[in-house]
There are 2 protein chains.
Amino acid sequence: MPRVSRTQAAQNRELTVQAAAELFRERGVDHVSVQDIMAAVGLTHGGFYRQFDSKEALLPEAARYAYDSMTARLTRLDASTADHAAAQHQFIQSYLSAAHRDRPGRGCPTAGLIQDIARTDSAETRDLLTSGVAQLGEWLDQPGGDGLVTACTLIGALLVSRAAAGSPLSDQVLERVAAALASPD
Amino acid sequence: MPRVSRTQAAQNRELTVQAAAELFRERGVDHVSVQDIMAAVGLTHGGFYRQFDSKEALLPEAARYAYDSMTARLTRLDASTADHAAAQHQFIQSYLSAAHRDRPGRGCPTAGLIQDIARTDSAETRDLLTSGVAQLGEWLDQPGGDGLVTACTLIGALLVSRAAAGSPLSDQVLERVAAALASPD
DNA sequence: CAGATCAGATGATCTACACCATTTAAAATA
DNA sequence: TATTTTAAATGGTGTAGATCATCTGATCTG
């Protein structure tokens with residue numbers, strides 16, 4: 001059924017970006033077809049190219065959406081906890097949870113998109129990762145240690161845990177990194 | 001020119017695995033064609049399927065080769081330094097170097113293959129990563145801190161640095177993580 | 001050294017997908 | 001309501017690349 005209201009069309013576009021943001025993080029850009037994305041929204045692949053220039057052009061938009069979600073999450077955490085240190089602690093706990101490991105689609109944009117961003121030509125997309133990591137690093141900063149280093153540790157641990165999924169090491173990594181980040185060293 | 005001596009054929013097979021190990025780490029399995037691999041060895045794509053069942057089947061062999069190289073490197077480092085702590089220090093320095101960032105093809109197998117291994121169905125391949133990370137973690141162990149955590153930090157930092165290549169953050173990450181791992185905290 | 005073997009070359013097939021030209025009809029507008 | 005827009009569907013086209021059937025001739029075996 002062709003033609004939908006303007007607002008509906010705009011919403012469809014928005015939903016397409018969101019679906020891409022989820023699927024890209026889950027499977028990686030290469031393992032998601034335009035059909036997959038459109039099917040996730042309940043549309044057919046044909047209309048895609050009226051809204052976007054190419055599948056590649058969707059990556060920056062998807063990345064922006066994912067990073068915006070992360071920023072919103074950090075803000076929400078600060079609002080709902082006693083102090084920033086408590087927010088940091090809670091973030092680290094959930095970042096290193098099995099749930100986060102097993103659900104990359106709604107998880108950390110950096111962890112989910114890092115490889116696709118590493119090989120994209122789009123400077124815009126690369127900038128999104130760069131500022132996202134910098135922002136997270138600052139948010140994680142604390143008297144005792146460099147937040148940027150903490151961010152790298154979290155990202156590395158999550159990626160290793162995902163790649164090792166199924167083996168005992170996968171859980172061990174999450175536990176031991178959480179323990180190390182909790183103790184003052 | 002068809003038909004080559006047995007030893008030549010065996011060497012060709014070996015070279016194919018090595019080329020795949022390099023190309024896979026550089027570009028990721030999806031961005032390397034069977035032709036690319038065979039061309040790197042100086043052969044045509046046709047003969048590939050006499051030696052290997054599929055491109056997928058090459059991943060475990062390539063991963064094994066890459067991890068063996070890493071193990072050899074660690075052993076060599078221990079042999080060429082005063083004590084293990086010195087070897088660890090030197091490893092960390094070179095791991096976090098711009099050269100390592102810019103040359104994934106010969107670099108850390110975990111950093112290079114982590115996404116492809118995360119997606120593969122091959123338990124054998126996943127086991128290679130698992131034991132590789134565990135081994136590196138033990139090798140990096142020290143009185144002050146958990147080597148597995150250090151390994152995650154290194155891997156995360158390298159991946160972030162690669163994805164951010166070109167921006168100042170890319171160098172910053174390497175420097176600040178190196179500084180953090182050098183100081184006792 | 002004759003016959004069997006098989007590494008590697010050639011060329012083709014088959015599939016998956018990105019991308020696009022065209023159509024349709026509902027919504028927007030006048 | 002008549003006209004104009006345009007979102008989305010349909011149905012391709014073109015290409016890349018994995019896989020394989022077949023051929024060739026050098027190497028290996030007896």
Side-chain angles (χ1 to χ4, degrees), chain A residues 1-24 26-63 113 115-116 119-122 125, chain B residues 1-24 26-63 113 115-116 119-122 125:
Chain A
M1 51 205 90
R3 193 63 203 254
V4 168
S5 77
R6 262 148 211 266
T7 47
Q8 183 58 251
Q11 193 189 349
N12 284 346
R13 191 184 198 286
E14 179 79 12
L15 289 173
T16 303
V17 171
Q18 290 176 20
E22 179 155 355
L23 290 171
F24 284 174
E26 243 168 43
R27 303 188 220 156
V29 173
D30 293 329
H31 288 74
V32 175
S33 69
V34 170
Q35 272 195 26
D36 291 336
I37 299 166
M38 295 307 272
V41 186
L43 300 175
T44 56
H45 65 282
F48 179 84
Y49 290 91
R50 183 168 300 274
Q51 298 282 2
F52 305 97
D53 284 346
S54 65
K55 187 172 82 161
E56 270 292 297
L58 207 47
L59 182 57
E61 297 207 39
L113 303 174
Q115 294 281 46
D116 286 314
R119 56 177 88 90
T120 188
D121 291 330
S122 154
T125 311
Chain B
M1 48 204 91
R3 193 63 203 256
V4 168
S5 78
R6 262 146 211 268
T7 46
Q8 183 58 250
Q11 192 190 351
N12 284 346
R13 191 186 199 283
E14 179 78 14
L15 289 173
T16 303
V17 171
Q18 290 175 22
E22 179 155 356
L23 291 171
F24 284 173
E26 244 168 42
R27 302 189 220 155
V29 173
D30 293 329
H31 289 73
V32 175
S33 69
V34 169
Q35 273 195 27
D36 291 336
I37 300 166
M38 296 306 272
V41 185
L43 300 175
T44 56
H45 65 282
F48 179 83
Y49 290 90
R50 185 169 298 276
Q51 298 282 2
F52 305 97
D53 285 346
S54 64
K55 189 173 81 162
E56 270 291 298
L58 207 47
L59 183 57
E61 297 207 39
L113 303 174
Q115 293 283 46
D116 286 314
R119 274 194 263 296
T120 189
D121 291 330
S122 153
T125 311

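Throughout, protein chains are lettered first and strands after them, A, B, ... in sequence-line order, and every chain is numbered starting at 1. Any value given below was found using the heavy atoms of this structure, including those in side chains, with hydrogens, waters and symmetry copies removed. Keep in mind the model is a prediction, meaning the values are calculated, not measured.
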message: Tell me whether the side-chain N/O atoms of Q51(A) come closer than 4.0 Å to OP1 or OP2 in dT6(D).
response: no
Rounded distance (Å) that lies between atom [atom2] of [N] and atom [atom1] of [X]:
X      : N       : atom1 : atom2 : value
N12(B) : dC6(C)  : CG    : C1'   : 14 Å
L43(A) : dA7(D)  : CG    : C1'   : 9 Å
F52(B) : dA18(D) : CZ    : P     : 14 Å
R13(B) : dC6(C)  : CZ    : C1'   : 15 Å

- prompt: Checking D116(A) side chain against V29(A) main chain: does a donor-acceptor pair fall under 3.5 Å?
  reply: yes
- prompt: Which letter, B, S or -, goes with each nucleotide of nucleotides 16-23 of chain C from 5' to 3', with contact meaning a protein heavy atom under 4.0 Å?
  reply: --SBB---
- line: What one should report as the nearest heavy-atom pair of F24(B) and A62(B) is CD1-CB, 4.1 Å
task: Apply the test side chain to side chain contact (heavy atoms under 4.5 Å, CB included) to residues T16(A) and Q51(A): give CA-CA distance (whole Å), side-chain angles for both, the deciding distance (0.1 Å), then the verdict.
output: CA-CA 9 Å; T16(A) 303; Q51(A) 298 282 2; over 6 Å; no
Which atom pairs, one a donor and one an acceptor, fall under 3.5 Å between side chains of residues 31-38 of chain B and the rest of the protein, sequence neighbours left out?
| unit_1 | atom_1 | unit_2 | atom_2 | d |
| --- | --- | --- | --- | --- |
| H31(B) | ND1 | D30(A) | OD2 | 3.4 |
| S33(B) | OG | Q35(B) | N | 3.4 |
| S33(B) | OG | D36(B) | N | 3.1 |
| S33(B) | OG | D36(B) | OD1 | 3.4 |
| S33(B) | OG | D36(B) | OD2 | 3.2 |
| D36(B) | OD2 | R27(B) | NH1 | 3.2 |
| D36(B) | OD2 | S33(B) | N | 3.0 |

query: Are any non-hydrogen side-chain atoms of F48(B) and L43(B) less than 4.5 angstrom apart?
result: no
- prompt: Should E14(A) and E61(A) count as side-chain neighbours, where that means a heavy-atom distance under 4.5 Å?
  reply: no
